[in-house]
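For reference, the structure is listed below as structure tokens.
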Amino acid sequence: GESIQVRDLAEKMGKTPAEIVKKLMELGTMATINQEIDFDTVEIVASLFGVDVEREISEEEKILEEIIDTEETLQPRSPIVTVMGHVDHGKTSLLDRIRQADVASGEAGGITQHIGAYQVTVNGNRITFIDTPGHAAFTAMRARGANLTDLVILVVAADDGVMPQTVEAINHIKAADVPFVVALNKMDKNDVNPDKVMQQLTEYNIVPEEWGGDTMFIPVSAKTGLGIEDLLERVLLIAEIHDLRANPHRLAEGVVIEGELDKGRGAVATVLVQKGTLRTGDYLICGTNWCKVRTMTDYRGRRVEEAYPSMPVEITGWSDVPEAGEKVQACDEKIAKEITNLRLNEKKLEEQKKNSRISLDDFFKQM
Ligand code: GDP
Ligand code: MG
């Protein structure tokens, strides 16, 4: 992945290396001036200094995007939502409850197969939920440059309040500059204190609308279903404000949400399509892997021939198991194989370099 030395980061930010090291220590990382830190950490450190950092996109890439994605080709797409929050505050329960809400909304058939993401329909609009809650997944994807979340639901148990992983989630949300709502969960319990939670969150500059701030707080209960509809409607409202669009008329691009080796089907991966339309038979490149899409299944386990922007699909036909957060790109067969070979060679060279360095170290140790 991308990384930068503390020394260089300090220079870029106009700070002293000591200031950066101090911030890193506050975040629980011991670092030296020469230490390499990854992009995700850079973003968090920068945000603590009030600085926005962005990955560099080349001029060519920008121009190409503008030619391909014109006003006419861009079409509305559903929002992609991630749930974050402290352990045991109810992330999994909330995701389960939302999934049930969709079944209740009248779509035929229960959800038989479980992949790393699912979609629900609310008042005729779709929402895509990434079903791998947790900061690790979010961080892994962002470290690879996959900013695929449009919106975060920050779950805070109303009986427990702000906890360490709540703060961690807030840091990620702010570093990614992604819109969010707060779901005050477990409101069915007797010992809840939502006002206290709101008060606690003001310390992180998260102020509810009713107190003059700009953050939506929605009281919910994953257990009873209280407030779930309200939460989903607010999510759609925020999505509408952000005018999310993608061009379906191009070769597909997406991100791997999870990959695994299946005994019967070989390497499989859940991919979230971000741009274009993905079709069975398409060739894909993904890191040092390639794929001729053999089958695609949607989140309900139904075979599909096409996948559109914001749609998660499970894909078979990979040369090897892709990793979460890796970028997926459709291209023609020849290019897919050439690029894969190039990347494999690069990887081999890097490993050879690493190995020779180690053996040199060993050599000195022996002296
Ligand atoms: P996660 O670690 O954030 O994914 O939390 P879980 O969804 O696993 O929930 C942790 C515990 O809290 C479980 O025992 C849930 O049954 C319980 N829980 C989750 N949501 C609610 C809720 O709204 N009300 C009550 N009473 N319990 C809840
Ligand atoms: Mg969980």
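In this chain, numbering begins with 1 at the start of the sequence shown. When a ligand or atom number is given, it counts from 1 through the structure's own listing order.
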Return the option from Asp188, Val83, Val155, Asn190 holding the heavy atom at the smallest distance from atom 26 (N) of ligand 1.
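Result: the heavy atom closest to atom 26 (N) of ligand 1 is in Asp188.
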
Tell me the nearest of Gly225, Ala222, Ser221, Ser93 to atom 6 (P) of ligand 1, using heavy-atom distances.
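Answer by nearest heavy atom: Ser93.
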
Using a 3.5 Å distance criterion without hydrogens, assess whether the side chain of Lys91 forms a donor-acceptor pair with backbone atoms of His86.
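It does hold such a pair.
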
Expected output: side-chain Arg97 to main-chain Lys223 donor-acceptor under 3.5 Å
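Judged by distance alone, yes, a pair lies under 3.5 Å.
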
Report, in ascending order of atom number, the atoms of ligand 1 lying under 4.0 Å from any heavy atom of [X].
X: Lys189; result: 26 (N)
X: Asn185; result: 20 (N), 21 (C), 23 (O)
X: Asp88; result: 1 (P), 2 (O), 3 (O), 5 (O), 10 (C), 12 (O)
X: Lys223; result: 22 (C), 23 (O), 24 (N), 25 (C), 26 (N)

Identified side-chain hydrogen bond (donor to acceptor under 3.5 Å, both in side chains) partner of Thr82 from the options Thr128, Asp150, Thr149
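Considering Thr128, Asp150, Thr149, a side-chain hydrogen bond (donor to acceptor under 3.5 Å, both in side chains) with Thr82 is found only for Thr149.
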
With a 4.0 Å cut-off on N to O distance, would you call Lys23 and Glu19 a salt bridge?
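Glu19 and Lys23: not salt-bridged.
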
Quick one: CZ on Arg99 to CZ on Phe129, what's the gap to the nearest 0.5 Å?
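Here the rounded value is 10.5 Å.
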
How many angstroms lie between atom CG of Asp69 and atom NE2 of His249, to the nearest 0.5 angstrom?
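These two atoms lie 10.5 Å from each other.
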
Quick one: closest heavy-atom pair of Gly227 and Val220, and the distance?
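Here Gly227 and Val220 meet closest at O-CG1, 3.6 Å.
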
From Thr92, does some N, O or S atom reach closer than 2.8 Å to the Mg ion (ligand 2)?
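It does: Thr92 brings an N, O or S atom closer than 2.8 Å to the Mg ion (ligand 2).
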
Heavy atom of His86, distance to ligand 1 below 4.0 Å:
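Under 4.0 Å: yes for His86.
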
Backbone or side chain, does any N or O of Leu94 fall under 3.5 Å from an N or O of ligand 1?
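N/O-N/O distance below 3.5 Å does not exist for this pair.
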
Please report whether ligand 1 has a polar contact with Val87, defined as an N or O pair separated by less than 3.5 Å (distance criterion only).
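It does not: no N or O of Val87 is found under 3.5 Å from an N or O of ligand 1.
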
